[in-house]
There are 2 protein chains.
Amino acid sequence: MSDPITKAISVLREKGLRITEQRKAILEVLSKADSPISAEENHAMLVASQCDLVTVYRSLEQFVKAGVVELGVRENGTKVYCFGHGHGHHHHLTCRMCGDSERVDVCMKNELEEIARGYGYQEVTHVMEVFGVCPSCS
Amino acid sequence: MSDPITKAISVLREKGLRITEQRKAILEVLSKADSPISAEENHAMLVASQCDLVTVYRSLEQFVKAGVVELGVRENGTKVYCFGHGHGHHHHLTCRMCGDSERVDVCMKNELEEIARGYGYQEVTHVMEVFGVCPSCS
DNA sequence: CTAGCCTGTGCAAAGATTTGCATCAACAAG
DNA sequence: CTTGTTGATGCAAATCTTTGCACAGGCTAG
């Protein structure tokens, strides 16, 4: 049960999503990546590209909605995905040269929600990504 | 000189960028918008679509690099642009229903740079967007 | 185990954004 | 004002992502 994939699958089941070979393969790829990856990269890493690229896009979107996968953005706007690894919401510090990334646990969630409430906004969410040049690339 | 367009133009000149009719038109549209807008929206608002959509994409990108325009992201990943209005770096609280947005002057710039430096990262930048449902839409 | 419902998948096509390349024109120098 | 350099533009095409639709297959109830 400590296996992140097994865990993700049970969460998906709870949410009423179906477990298919394609989705298992996509999760498999995600668990092997050590940095957040895009839908295309995920598809390329599937053994023998066993499923359609469109399915990867759609599945990742579902995983994010279900809360088992975290969504991020590259500096150029590309969406990237990674496992939450139990920490849930978090952010990344990504190298704009090599794409490597570090987990950043700082977050202004609370401050932001307070400010938003000040403007009368409800259901507040946010996206944040940090970019730089890592030691190896500078 | 208090005119944001005139100001933007002089900055662009300083940076060695050329001032064309197309770019002036794009800045004009940007100055009229009261919320950040996408490249496509900007193009649609150009009188008689006087320039190619591709040019709008490229020009906005240049404006961001030159620092006269701020880049944001919608919740679905679309890039949006707005004038910095002299406040320079800032963020937005955007309604996910109607697209209206408020300027948010809170920013963790300093904390983030410190953290990034802790990992040995240089040239740190970040993107942050806050989303919610505004009073009129809820 | 079987049947049926309804989600998930693949294909095709639309839509959004980026890139390559030849031509055009802004700007600096003379 | 004229000219040359070099960045900017438009068109076409490639790339990335989303959407529509018919069919296949996961899961629940019997």
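In the text below, chain A, chain B and the rest are named by the order of the sequence lines, each starting its count at 1.
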Checklist entry - First and last nucleotide of DNA chain D touching chain B, 5' to 3', heavy-atom cut-off 4.0 Å? => result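 That gives a stretch of dT6(D) to dA12(D).
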
Next on the checklist: For Glu114(A), I'd like to know if atom CD has over 12 heavy atoms of other residues, nucleotides or ligands within 6.0 Å.
Outcome noted: no

Over how many whole Å does the gap from [X] atom [atom1] to [N] atom [atom2] extend?
X: Lys79(A); N: dT17(C); atom1: NZ; atom2: C1'; value: 14 Å
X: Leu60(A); N: dG8(C); atom1: CG; atom2: C1'; value: 14 Å
X: Glu21(A); N: dT9(C); atom1: CD; atom2: C1'; value: 13 Å
X: Asn76(B); N: dT17(C); atom1: CG; atom2: C1'; value: 13 Å
X: Tyr57(A); N: dA14(C); atom1: OH; atom2: P; value: 18 Å
X: Asp52(B); N: dA22(C); atom1: CG; atom2: P; value: 18 Å

Find out whether [X] and [Y] are in side-chain contact, i.e. whether some heavy atom of one side chain is under 4.5 Å from a heavy atom of the other.
X: Arg18(B); Y: Gln62(B); answer: no
X: Cys134(A); Y: Tyr121(B); answer: yes
X: Cys107(A); Y: His126(A); answer: yes
X: Ile115(A); Y: Val106(B); answer: yes

Checklist entry - Do NZ/NE/NH1/NH2 and the carboxylate oxygens of Glu113(A) and Arg117(A) come within less than 4.0 Å? => result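 Here Glu113(A) pairs with Arg117(A) in a salt bridge, since their nearest N and O are under 4.0 Å apart.
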
Checklist entry - Any Lys/Arg nitrogen of Glu41(A) or Arg74(A) sitting under 4.0 Å from an Asp/Glu carboxylate oxygen of the other? => result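 Salt bridge present between Glu41(A) and Arg74(A).
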
Checklist entry - Which parts of residues 29-42 of chain A get close to DNA chain C, meaning a heavy atom less than 4.0 angstrom away? => result none

Every protein N/O lying under 3.5 Å from an N/O of nucleotides 27-30 of chain C:
from: dC27(C); atom 1: OP1; to: Ile19(B); atom 2: N; distance (Å): 3.0

Checklist entry - Base, sugar-phosphate, or nothing for Arg23(B), non-hydrogen atoms under 4.0 angstrom? => result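 The residue Arg23(B) makes sugar-phosphate contact but no base contact.
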
Checklist entry - Taking the nucleotide of DNA chain D with the closest heavy atom to each, which residue, Leu53(B) or Gly16(B), is nearer the 5' end? => result Gly16(B)

Next on the checklist: Using the side chain to side chain contact (heavy atoms under 4.5 Å, CB included) criterion, which residues pair with Val56(A)? Sequence neighbours excluded.
Outcome noted: Ile26(A), Ala39(A), Asn42(A), His43(A), Leu46(A), Cys51(A), Leu60(A)

Next on the checklist: Let's go through Glu75(A) and Thr125(B) carefully: what are the C-alpha distance in whole Å and the side-chain angles of both, what is the deciding distance for side chain to side chain donor-acceptor pair (under 3.5 Å) to 0.1 Å, and is it a yes or a no?
Outcome noted: CA-CA 9 Å; Glu75(A) 207 166 16; Thr125(B) 62; 3.1 Å; yes

Item to check | Test log, rule side chain to side chain contact (heavy atoms under 4.5 Å, CB included), inputs Ile19(B) and Leu12(B) | outcome: CA-CA 8 Å; Ile19(B) 309 307; Leu12(B) 293 177; 3.8 Å; yes

Checklist entry - Looking only at heavy atoms, what is the nearest atom pair of Val29(B) and Met45(B), with distance? => result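 Residues Val29(B) and Met45(B), closest heavy atoms: CG1-CB, 3.7 Å.
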
Checklist entry - Do Val64(B) and Val80(B) belong together in a cluster built from hydrophobic side chains that touch within less than 4.5 Å? => result no

Item to check | End axis versus end axis in the helix from dC1(C)-dG30(D) to dG30(C)-dC1(D), the angle rounded to 10°, five pairs used at each terminus | outcome: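 Helix axis angle between the two ends: 40°.
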
Next on the checklist: Nearest to the Gln22(A) side chain among dG10(C), dG8(C), dT19(C), which nucleotide is it?
Outcome noted: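 From the listed options, dG10(C) comes nearest.
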
Checklist outcome for this item: Sorted by chain and residue number, the salt bridge (Lys or Arg N to Asp or Glu O under 4.0 Å) partners of Glu61(A) (sequence neighbours excluded) come out as none

Item to check | Stepwise side chain to side chain contact (heavy atoms under 4.5 Å, CB included) check, Met108(A) with Glu111(B) | outcome: CA-CA 11 Å; Met108(A) 351 163 61; Glu111(B) 294 93 313; 5.9 Å; no

